[in-house]
Each structure stands twice: as C-alpha cells, then as structure tokens.
Amino acid sequence: MSRRTLETLSFDNSYARLPQAFYARLNPTPFSAPPCLIHANRSAAELIDLDPAQFTRPEFAEVFGGHALASGMEPLAMLYSGHQFGVYVPQLGDGRAILLGEAKNEQGQRWDLHLKGAGMTPFSRDGDGRAVLRSTIREYLCCAAMQGLGIPTTQALCLVGSDDKVYREQVETGAMLVRMAPSHVRFGMFEVFYYRKQYEHLKTLADYVVDQHFPHLSDVDGKYSRFFNEVVERTARLIAQWQAVGWAHGVMNTDNMSILGLTMDYGPYGFMDDYDAGFICNHSDHNGRYAFDQQPYIGLWNLSCLAQALLPLVEKEALKAGLGTYQSLFDQEYQKRMRAKFGLLDVQAEDDQLIRDFLGLLQGSHADYTIVFRELGAFSSQNGAVNEKLREHFLNRERFDDWALRYRDRLRGEDGRDDERRDRMNRVNPKYVLRNYLAQIAIEKAQNKDFSEIERLFTALQTPFAEQPGMESYALPPPNWGKHLAVSCSS
Ligand code: AMP
Ligand code: MG
C-alpha cells in the first residue's frame, strides 16, 4: 500500500475543470490563532493512501485548518441552490466550505477533500463562513457512527480547532472539519442551472456526474433517465436505512441531498432515544416538516425537485416513471432491514403487521429504540419462556404478552436456533449509537480542551454492533438532562 505524505498526495481536480460558472475559486481564510488538530481518522486517511503518521506533523493541522495548501490543491466553493423547507432559494452554494481538491488513490478513486468552516465565500450571504467546535464535533462523530453502521455517508478526515471566537447564540470557538466523499454534488446543483435556464450547464453537470460516478451509464440510451432512476434507488435505500436505525437528518433540504445517495450535511440530526414516530430533532423545525416519520415522503418530494430540474434532459414520462419506483424501492429496503432487526429469515404476509405493532408498543411505552432492539436479540422462543427483561420496557404488559406470543409463533415457523438468531440480530441491531447527550458530553469537554471523550466515543462508534468491554456506559439510555437537548440549524 502506498504511504503518501502531505507532499506526495496526488490530486486530480476534475470539478475545477468544469466551467467557471460552477464555482468560485478562492483559498480558505485561516483563523488568526494557530490551528490545532483535535482528531483525525485513520480509516478515512487510508482511502487517500495518506500515512496516519502525517497526523502529528504541524503541517497537517495547517493544511487541514486552512492555513496552507498542499501542492496540487485547487480550492473552490461550489455553486448550488435548493428548496429549503419547501421554498426555492435561488442561490445557496458553499457559504462556509471549500473544496480543496480531489485526492486520487492507488486504485484511481478520487476523494473530494472538503474543508468546512473555511471562511467566507461569494456564497456566504449573511453568514460568517465559520463553523463552531460544537457542530464540527457533531458532524465528525456522526460520520464515524454512520460509517460504523454501514449507512452511506460522507466521511470525516479530521477535526481542527482554534481559539478564534465565533458568534452564535453564544460566543463559541471556531473549528474546521475535512469531509470526504467521491462527490459533494447535491440535488440543488441541478436545480440552480434549471431555474437559471442554463441548460447547457445542466447538461454538462449531468454528463460530468454520470461519467465520474455512474460510468456504466455513460454510453447507454436514455442515460439521463437511467441516471435519475439510480438516484431514486440510492435515495430510497438510504432513507430506509435511516428509518431502520432510528435516525433523523433534521434538514432534508434539496441542497443537503447527495446525488450519490450519501448522508451529508450533518446539522441538527438525531438518533432517537425513546421511540417516537413523530420525532423532530431540529428545534427550528416548528411544523415538523422533517420529522422522523416524514423522511420517506420528503425523500420523494426532494427527488421530484430533482426530476423537475432534469426536465430539459429527460422526457417527463420517464421521470414520472422513475419517481413511481420510489415507494416500492423504499418499502423493499425498509422491510428487508426491519425483518433483519427482528431476526426473521423468510418473508411472511403477517410480518408487516408484526413490525408495526411492535413499533406501536414502543411508542406507547416511550421505550428506547436502540436498547429494546438490542435486547430483542435475546428473545426466547422456547415453551413457557417469559422474556421478563424485555417485557419490563413496556407499560402495557398484556399487549406486549400478546405480541410476544405472535412473535414466538412466527419464530418457531422458521428453521434455526435462538442463539443463532441472536448473533444475526446483534449484527444489525447496534449496541452503540451517537445519542445526543453523548455528543454533548464530548462537546462540553472539548470546549474545555479535553478531547479524550471524542477519541473514546469515536472508537465505540466505529464498531457499533460489537460488545465492547469498558464501553457499556455508552449504551445506556440518556439521563434526564440529556433527553430533550435542543439542537437547531445554528452551527
Ligand atoms: P445548511 O443549513 O448548513 O445546509 O446551510 C445552508 C446554506 O447556508 C449553505 O449554502 C451554507 O453554506 C450556508 N451557511 C450555513 N452556515 C453558514 C455560515 N456560518 N456562513 C456562511 N454560510 C453559511
Ligand atoms: Mg447544507
């Protein structure tokens, strides 16, 4: 394996070769105080063949803290627009992030190195171009959590802090985060050229995205409609995974939707503690547009915005047909994931109801989503078994008992032993998720210059399905103070 240094990173900046209308070239604006590395991610570094020994060099924090450029970087802020809370906003763009360049690894894969919090850009509008330590820690840890859970996501390479003050509701300190993805192109990038009637640019963007990221479609008939169909599929599958793990994005605006079907732009997201279908993680989302149970529908809504933007390239009927596949793709993926959470191997007509009824019981009991599913793995299907520990999570014990009998009978209809099923379930029902209060503890310590909690949490989240001796406290439900922490877009 190649072990690259900062000096020998290899860049091939395909985005910078697109027409100038696609971006604004500019360098990051460094903090006035020297940058300091808070954490770096070895597995993300591997993706670009970067030797983790580089992390300890002062130059590492300088390059990824916006103070210096590595040779071959061509920094730029990407243009896009998007629908925010249902309303079209004609120009957004990277207001506080800069695409430093695309690092190419030995396998020829390119990874965007995208520096968030890098200062004002022409797209900053009223913003200061900065990100606060609090929000970058939340993004950094959640990328690790999603990656550990196997949910498609942008990755985070490192977190760099500074003593510079940043003004939000309170005075906070600034930080920068390097995120990585094969592409940061969003639905909103297609929308900006559509609404400006710049159809040549729209076509150039579509060709670029297809050639770079859907190369099997480059030379096929109907390539744009097939490309759209694949975006529909990836989006449906992604959101099904969010639903199965009990995670809400919080700001599913079309500018936060990845064309590659990755989870991106982490803001006021949340893993549910107590199960609540109507869970709203974003404190500013007063109408619950992005509530947990709305996400599948919003995915479709966002895809229809993308479809609209592709109208100059694709027949309306073909786009409609693509949108028409969304619900069944979503259902298929969701059912598959949920059946696995219950340890069910074959597909039975009654499964859907069995699953719904269990979620209804969780909701009525305010039971912890992650803990109960993890404990469900220990369910005994033996005669006369009581499953007492699980039962204690439910307020209405009779209803739970009825459900447990149905579940027992369902399990008995399948081949396989209880212990085998438990092992299988433990591979899909995580023990460790990034609960809000855990992130909050790490943030408060980091604000006092103690970064140890970031390291511990990061480690626990990397293998969320494993029993990790010594880490059990991270699997506990939130204490009272940590149950309803307010998280908003202000980051
Ligand atoms: P978000 O809600 O974080 O996805 O951001 C929506 C838009 O606002 C994007 O164009 C961001 O780049 C921009 N933005 C958010 N925060 C800031 C900030 N502090 N400074 C400049 N632009 C920002
Ligand atoms: Mg965004």
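When a ligand or atom number is given, it counts from 1 through the structure's own listing order.
Under a 4.0 Å heavy-atom criterion, Arg168 is in contact with ligand 1. The closest approach between Met120 and ligand 1 stays at or above 4.0 Å for every heavy atom of the residue.
At least one N/O-N/O distance between Gly93 and ligand 1 falls below 3.5 Å. An N or O contact shorter than 3.5 Å is missing between Gln84 and ligand 1 by distance. Distances between N or O atoms of Val251 and those of ligand 1 include no value under 3.5 Å.
Relative to the six-membered ring of Phe85, Arg289 misses at least one condition, a distance below 6.0 Å or an angle of at most 45° to the axis. Geometrically, Arg130 engages Phe31 in a cation-pi contact defined by less than 6.0 Å to the ring centre and at most 45° from the axis.
Residues Asn436 and Arg138 bring a donor and an acceptor atom of their side chains to less than 3.5 Å of each other. A donor-acceptor pair shorter than 3.5 Å can be found between the side chains of Asn105 and Gln109. Tyr195 and Ser81 are not linked by any side-chain donor-acceptor pair at a separation below 3.5 angstrom, with hydrogens and angles left out of the test. Side-chain atoms of Glu74 and Asn13 form a donor-acceptor pair, as typed in the model, at a separation below 3.5 Å. No donor-acceptor contact under 3.5 angstrom links the side chains of Asn41 and Gln155, judged on distance only.
For the pair Asp265 and Arg179, the salt-bridge criterion is met [side-chain N within less than 4.0 Å of a carboxylate O]. Salt-bridge annotation for Arg17 and Asp12: present, with a side-chain N of the basic residue lying under 4.0 Å from a carboxylate O of the acidic one.
A search for side chain to side chain contact (heavy atoms under 4.5 Å, CB included) contacts involving Thr121 returns Leu26, Ala77, Ile98, Phe123, Ser124, not counting sequence neighbours.
Considering just the N/O/S atoms of Asp265, the one nearest the Mg ion (ligand 2) carries the name OD2.
In Phe123, neither the side chain nor the backbone holds a heavy atom less than 4.0 Å from any atom of ligand 1.
Annotation for ligand 1: atoms under 4.0 Å from non-hydrogen atoms of Gly129 are 18 (C), 19 (N), 20 (N), 21 (C). Close approach of ligand 1 to Asp265 (heavy-atom distance below 4.0 Å) involves ligand atoms 4 (O). When each atom of ligand 1 is checked for a heavy atom of Tyr80 under 4.0 Å away, the hits are 9 (C), 10 (O). Using a 4.0 Å cut-off to heavy atoms of Gly127, the atoms of ligand 1 that qualify are 18 (C), 20 (N), 21 (C). Every atom of ligand 1 is numbered from 1 in the order shown, and the set under 4.0 Å from a heavy atom of Leu92 is 10 (O). In summary, the atoms of ligand 1 found under 4.0 Å from a heavy atom of Asn256, numbered by their order in the structure, are 4 (O).
Within the coordination shell of the Mg ion (ligand 2), defined by N, O or S atoms under 2.8 Å, Asn256 is present.
When the heavy atoms of Ala131, Gly95, Gly250 are ranked by distance to atom 11 (C) of ligand 1, first place goes to Gly95.
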